[in-house]
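Report on the following structure.
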Amino acid sequence: MEWFQRLTSIYDIIRPVVDIAILAFLLYKAYDLLVKTQAVQLVKGAGFLALFYGIAYLFKLTTLQWLLTILAPGLFIAIAIVFQPELRKIFIRLGQGELFRPDSKPRIGQLEAVITAAEILSQERRGALVVFPRRINIKSIIETGTRINGEISSSLIVAIFEFDGPLHDGAMIIQNGRITAAGCFLPLSEQQDIRKSFGTRHRASLGMSEQSDAVILVVSEETGAISLAVDGKLYYDLSPIEVQRKLKELLDRGVRGGDSEQKTGSVEVALDSALDDGKDVFVER
């Protein structure tokens with residue numbers, strides 16, 4: 001029994017460290033999830049309510065304390081209704097799992113092949129939609145298309161998005177360094193203030209970025225503009241160099257919430273440090 005007692009004493013020593021480390025990890029993941037779903041406003045609202053209640057309790061403001069106690073259940077229900085889209089995204093991501101799975105990103109040469117294909121499609125005014133999944137599983141989206149499991153090459157991508165081809169109108173999924181599927185159906189965005197000139201591809205790219213942490217590359221069939229959708233925002237009409245740098249940054253480190261300043265509707269913002277080369281880019285929400 002001596003070894004068991006020794007093991008118990010060692011565990012008693014390291015237990016607080018393990019306890020704090022696990023708690024810190026869970027808090028970090030919770031914060032990362034809230035930021036990616038743009039639900040930080042929900043936490044801020046709850047924090048303000050708790051602050052007012054603390055002030056009322058500290059200074060013995062009985063009337064305010066009584067009022068907050070009466071209104072609290074209704075306020076929480078109202079918050080749940082107002083932030084229903086954000087809460088739904090959180091539960092979707094938790095249900096899909098794989099938040100702790102390491103990323104499997106394409107290599108530089110493969111990214112260059114995708115960008116080259118996007119340039120060709122842009123010049124020929126041929127639309128394209130390419131999805132780069134990250135941590136969240138999108139198996140249900142992949143199953144809506146045709147399995148390819150092919151090597152990434154610009155010629156194959158261009159061929160898939162040929163006019164009148166059977167896979168032309170759907171989305172291509174690039175995962176684990178390969179073209180996993182093509183002709184996939186993406187969910188459309190729920191945003192109400194999207195520019196009316198945007199077609200189904202841009203709405204689908206925004207919808208996919210709202211319901212997952214994937215990065216979506218879009219080539220407009222009407223204008224030839226190359227854009228990126230991520231975290232419910234659309235970085236519209238980027239140059240090939242900007243697209244490559246932004247894609248590499250997002251696939252390497254993941255998107256950082258709050259890196260862009262935004263207003264309602266169409267606004268002008270500066271991209272994060274991955275595109276910080278002195279010019280503004282328009283973001284459509």
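Along the sequence shown, residues are numbered consecutively beginning with 1.
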Should [X] and [Y] be regarded as members of a common hydrophobic cluster, given that ILVMFWY residues are connected when their side-chain heavy atoms come within less than 4.5 Å of each other, either directly or indirectly?
{"X": "I55", "Y": "L58", "value": "yes"}
{"X": "I152", "Y": "L167", "value": "yes"}
{"X": "F59", "Y": "L51", "value": "yes"}
{"X": "V230", "Y": "I115", "value": "yes"}
{"X": "Y53", "Y": "L64", "value": "yes"}

R178: which residues meet the salt bridge (charged side-chain N to carboxylate O under 4.0 Å, His left out) condition with it, sequence neighbours left out?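 Result, salt bridge (charged side-chain N to carboxylate O under 4.0 Å, His left out) vs R178: E151.
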
Is there a side-chain contact between [X] and [Y] in this structure, where contact means two heavy atoms from C-beta onward sitting under 4.5 Å apart?
{"X": "V219", "Y": "L217", "result": "yes"}
{"X": "H202", "Y": "I194", "result": "no"}
{"X": "I179", "Y": "S153", "result": "no"}
{"X": "Y236", "Y": "T223", "result": "yes"}
{"X": "I216", "Y": "V131", "result": "yes"}
{"X": "V243", "Y": "Y235", "result": "no"}
{"X": "Q191", "Y": "L234", "result": "no"}
{"X": "S205", "Y": "L129", "result": "yes"}

How far does [atom1] of [X] sit from [atom2] of [Y], to the nearest 0.5 angstrom?
{"X": "K248", "Y": "R245", "atom1": "NZ", "atom2": "CZ", "answer": "11.0 Å"}
{"X": "T144", "Y": "L186", "atom1": "OG1", "atom2": "CG", "answer": "7.0 Å"}
{"X": "K246", "Y": "L251", "atom1": "NZ", "atom2": "CG", "answer": "11.0 Å"}
{"X": "Q175", "Y": "N149", "atom1": "CD", "atom2": "CG", "answer": "10.5 Å"}
{"X": "L228", "Y": "Q244", "atom1": "CG", "atom2": "CD", "answer": "11.5 Å"}

Results of side-chain contact (heavy atoms from CB on, under 4.5 Å) for [X] - residues two or more places apart only:
{"X": "P166", "answer": "none"}
{"X": "L67", "answer": "L71"}
{"X": "I120", "answer": "T116, E124, V158"}

Which residue pairs pass the salt bridge (charged side-chain N to carboxylate O under 4.0 Å, His left out) test with at least one member in residues 216-229, sequence neighbours excluded? R201-E221

Minimum heavy-atom distance [X]-[Y], with the two atoms named:
{"X": "A229", "Y": "L206", "answer": "CB-N, 4.2 Å"}
{"X": "M208", "Y": "I138", "answer": "CE-CG2, 3.5 Å"}
{"X": "G145", "Y": "C184", "answer": "CA-SG, 3.7 Å"}
{"X": "S209", "Y": "G232", "answer": "OG-N, 3.1 Å"}
{"X": "A113", "Y": "S154", "answer": "O-CB, 3.4 Å"}
{"X": "R147", "Y": "I142", "answer": "CZ-CG2, 3.7 Å"}

Using atom types as modelled and distance alone, determine if a side-chain donor or acceptor of [X] lies under 3.5 Å from a backbone N or O of [Y].
{"X": "T146", "Y": "G183", "answer": "no"}
{"X": "S122", "Y": "G224", "answer": "yes"}
{"X": "N137", "Y": "K139", "answer": "yes"}
{"X": "Q110", "Y": "G177", "answer": "yes"}
{"X": "S227", "Y": "D237", "answer": "yes"}

Within residues 124-164 or reaching into it, pairs that qualify as ring-ring contact (aromatic ring centres under 6.0 Å, His included) - sequence neighbours excluded: F163-H168

Checking R134 against L250 for the side chain to side chain contact (heavy atoms under 4.5 Å, CB included) test, could you report, in this order, the C-alpha distance in whole Å, the side-chain angles of both residues, the deciding distance, and whether it holds? CA-CA 9 Å; R134 292 191 290 176; L250 292 174; 4.1 Å; yes

Side chain to side chain contact (heavy atoms under 4.5 Å, CB included) between I148 and M172, intermediate numbers included: CA-CA 9 Å; I148 302 293; M172 174 185 293; over 6 Å; no

Worked verdict on T200 versus R203 for side chain to side chain contact (heavy atoms under 4.5 Å, CB included): CA-CA 5 Å; T200 305; R203 294 174 184 273; 5.6 Å; no

